[in-house]
Undergrad: 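Below: one structure in structure tokens.
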Amino acid sequence: MFSDLELDLFLKALYETVYMSFIATIFVCFFGLLLGIFLYLTSENGMLKNKYAYLSLSFFTSLGRSIPFLILIVLLIPFTRLILGTILGPSAALPALIIGATPFYGRIVELSLHEKGKELVETGLSFGANTFNIVLKILIPESLPSLIRGLTVTTITIISYTSIAGAIGAGGLGNLAYLYGYARNKIEITIIATFLIVILIIFVQLIGDITSKKLSKK
Amino acid sequence: MISINNVSKIYKTNNKEFKALQEVSLNIKKNTIHGIIGESGAGKSTLIRLINGLEDYQDGTVDVFEYKNIIKLNMESSRMLKKRIGMIYQSFNLLERKTVLENVLMPISINGKVKPKDLQKAKNLINLVGLSEYINKYPNYLSGGQKQRVGIARSLINDPEILLCDEPTSALDPTTIKSVLDLLKDIKSKFNITVVIVTHDMYVIKEICDYVTVMENGKIIENGYVEDVFYHPVKTTTKSLLSSIGLNYELIVNNNKHIKNKYILFFDKSILNSSIITEVSMKFKTSINILYASITPNEKGVMVVQIPKNIEDIRHSLMKSGVVVENV
Ligand SMILES: Nc1ncnc2c1ncn2[C@@H]1O[C@H](COP(=O)(O)OP(=O)(O)OP(=O)(O)O)[C@@H](O)[C@H]1O
Ligand SMILES: [Mg+2]
């Protein structure tokens, strides 16, 4: 059905998409967690309640979430060129992916921590524990299932972002779908590429569901 | 042991101020079970949380153990204070992703390393609350009563001198309430702990408390021995709370205004088993009409009776047998 050349193209594109999504997810997980924890801690009910810190963090988070991803990539071109020397290829998409998805995950983390936060913090405080230990040993472990669910949603968002990035030169399945299907009129390649993206997303969702269910001890 | 002096607490939300506590003063004696009761929003939780420093306050002082004005303590002293006070909650506040054993050890493990002797102590406590079969189970596997038992075991891991209970039985069914209260009573005498218990249920006060404080709108409106408050309530709120457990002999008195010569009799524990009323009845050939009878938490008895004739003789005779007689 497809030539060897085309099969190679699919494999390469799949690899690039997985690479971009995976690396970006790792960074977003780290930065988003930090952002979410600080949003939570400085908020109205947080242990380090600080109106100004919260409002400014919250402002940048909302700003980051409201810039359309395509525009974010364009805005970040000088920055990307500065740190990576190029604006093409899968690695070049990473800064935009990370900066685009971190606020998204940050908000999810903030919400997750608020879920049972009040009771858990009070319990920790009554043990005489400090803020650091309460976050590290109570809040995060107890919120883990919910944090994993949030990370699943975030990863899926990142995968769809990679398609947008792909269309403007980052490679991956999005690039393939756009280049062959739209520009060269080979619609079947677009369909297969889309199918692969869908499979990837279903796979991520499945892994996320299983992990969070396993962790929830219900 | 615990001394709260003229404390006021204001919550500020969106430029609005709310006085949750208004110049509250309260002393809680060592080795007693002290109940705090009131309607929802009365300020009970706010008050109990003052004791272990979970709540700050604007005016007054809170002194606990040898610490004066605990709000001013440095971090280290504040930690030491909290270690000496255990707490249990209405919603149990267990960690869902930790086993029963891990939950009980949490007050230690969150601040440092768990030593073998801590582990042994945790196991003993889990045994004490009757959950040894469940030691490696997760809280979601347990019933409400069992969860509260885990909460109780956890609160005891640091050998506290005070146990704070914020509505510990409000999420439980009647039979379970009884068993949790019995456990608290046992623990109090076994470990010589001072127990402070917040509730909106007079039954809890009746079952286990020595002292009771009644709160309304951020103020203490009545305070004293359970006996005294139960049989000589002053405030309407207290009376209506009491009628919820049938301890409303005032109501009986008022509803039987047409009946003359009513008396309230108080019996001491020591004379509860003797048949005083019958003896007096026979001696003076008078049928004494019992309108109300009940037994108090400390096993004193109370009765409302009508004495149709020979009143003075009967009164004398009763008082000689150790009964306190009050005219109403
Ligand atoms: N963090 C807060 N911010 C603002 N108001 C509060 C806060 N916590 C409590 N309050 C108010 O203070 C009052 C007393 O609250 P508290 O929790 O002490 O009542 P309570 O007697 O324990 O009631 P309940 O039986 O419902 O638990 C309530 O009216 C409540 O709305
Ligand atoms: Mg309360």
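The structure displayed is predicted, hence computed values, not measured ones.
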Undergrad: Give, for atom CD of B:Gln90 and atom CG of B:Asn93, the distance between the pair rounded to the nearest 0.5 Å.
TA: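 If I round to the nearest 0.5 Å, the distance is 10.0 Å.
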Undergrad: Do B:Lys121 and B:Asp159 meet the salt-bridge criterion of a basic N to acidic O distance under 4.0 Å?
TA: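 Result for this pair is yes, salt bridge flagged.
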Undergrad: How about residues 29-49 of chain A versus chain B: which residues have heavy atoms under 4.5 Å apart?
TA: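 Answer by number: none.
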Undergrad: When you compare the side chain of A:Thr157 with that of A:Phe104, does any pair of heavy atoms fall below 4.5 Å?
TA: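 A:Phe104 vs A:Thr157: side chains touch.
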Undergrad: Take a 6.0 Å sphere around CZ of B:Phe65 and say whether it holds more than 12 heavy atoms from other residues, nucleotides or ligands.
TA: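 More than 12 within 6.0 Å, yes.
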Undergrad: Write out, in numerical order, the residues from residues 117-152 of chain A with a heavy atom short of 4.5 Å from a heavy atom in chain B.
TA: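 Answer by number: A:Glu119, A:Leu120, A:Glu122, A:Thr123, A:Leu125, A:Ser126, A:Phe127, A:Gly128, A:Ala129, A:Asn133, A:Ile134, A:Lys137, A:Ile138, A:Pro141, A:Glu142, A:Leu144, A:Pro145.
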Undergrad: Is chain A contacted by the side chain of B:Tyr141, its backbone, both, or neither, given a heavy-atom distance below 4.5 Å?
TA: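 The answer is neither part of B:Tyr141.
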Undergrad: Out of B:Asn158, B:Leu95, B:Thr13, B:Leu164, which one racks up the most heavy-atom pairs below 4.5 Å with chain A?
TA: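 If we count pairs closer than 4.5 Å to chain A, B:Leu95 comes out on top.
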Undergrad: Give a yes or no on whether B:Lys83 atom NZ has more than 12 heavy-atom contacts from other residues, nucleotides or ligands under 6.0 Å away.
TA: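 Counting other residues, nucleotides and ligands, NZ of B:Lys83 stays at 12 neighbours or fewer.
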Undergrad: For B:Asn74, check side-chain hydrogen bond (donor to acceptor under 3.5 Å, both in side chains) against everything at least two apart and list the hits.
TA: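 Per chain and number, B:Asn74 pairs via side-chain hydrogen bond (donor to acceptor under 3.5 Å, both in side chains) with B:Ser77.
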Undergrad: Before accepting this row, confirm whether a basic side-chain N of the pair B:Glu102/B:Arg154 lies closer than 4.0 Å to the acidic partner's carboxylate O.
TA: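 Salt bridge: no.
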Undergrad: May I ask you to check whether over 12 heavy atoms, not counting those of B:Tyr11, lie within 6.0 Å of atom OH?
TA: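 Yes, enclosed.
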Undergrad: Taking B:Arg97, B:Lys98, B:Met106 one by one, which has the highest count of heavy-atom pairs under 4.5 Å against chain A?
TA: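 Of the candidates given, the most pairs with chain A belong to B:Arg97.
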Undergrad: Counting heavy-atom pairs under 4.5 Å to chain A, which of B:Ile108, B:Asn111, B:Leu94, B:Ile157 comes out on top?
TA: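 Winner by heavy-atom pair count: B:Asn111.
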Undergrad: Working to the nearest 0.5 angstrom, can you tell me the gap between B:Glu161 CD and B:Ile2 CD1?
TA: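 So the CD of B:Glu161 and the CD1 of B:Ile2 are separated by 10.5 Å.
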Undergrad: Side chains of A:Ile108 and A:Thr154: does their closest heavy-atom pair fall under 4.5 Å?
TA: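 A side-chain contact under 4.5 Å exists here.
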Undergrad: By the definition side chain to side chain contact (heavy atoms under 4.5 Å, CB included), identify the one residue from B:Val204, B:Thr169, B:Ile197, B:Ile33 that meets it with B:Leu184.
TA: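 The single option meeting the side chain to side chain contact (heavy atoms under 4.5 Å, CB included) with B:Leu184 is B:Ile197.
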Undergrad: Inspect the surroundings of CZ in A:Phe27 and state if more than 12 heavy atoms from other residues, nucleotides or ligands are less than 6.0 Å away.
TA: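 No, the 6.0 Å shell around CZ holds no more than 12 heavy atoms from other groups.
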Undergrad: Do any of residues 42-57 of chain B come closer than 4.5 Å to chain A, heavy atom to heavy atom, and if so which ones, in number order?
TA: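 Near chain A, by residue number: B:Arg49, B:Asn52, B:Leu54.
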Undergrad: Measuring heavy-atom distances to chain A, does B:Met80 have an atom under 4.5 Å in its side chain, in its backbone, in both, or in neither?
TA: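 For B:Met80, no heavy atom lies under 4.5 Å from chain A.
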Undergrad: Starting at OG1 of A:Thr102, measure out to CZ of A:Phe60 and round the result to the nearest 0.5 Å.
TA: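 The distance works out to 15.0 Å.
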Undergrad: Going from CG on B:Asp118 to NZ on B:Lys113, what distance comes out if it is rounded to the nearest 0.5 angstrom?
TA: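 Answer rounded to 0.5 Å: 12.0 Å.
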Undergrad: How many angstroms lie between CD1 in A:Ile197 and OG in A:Ser163, if you round to the nearest 0.5 Å?
TA: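 Those atoms lie 3.5 Å apart.
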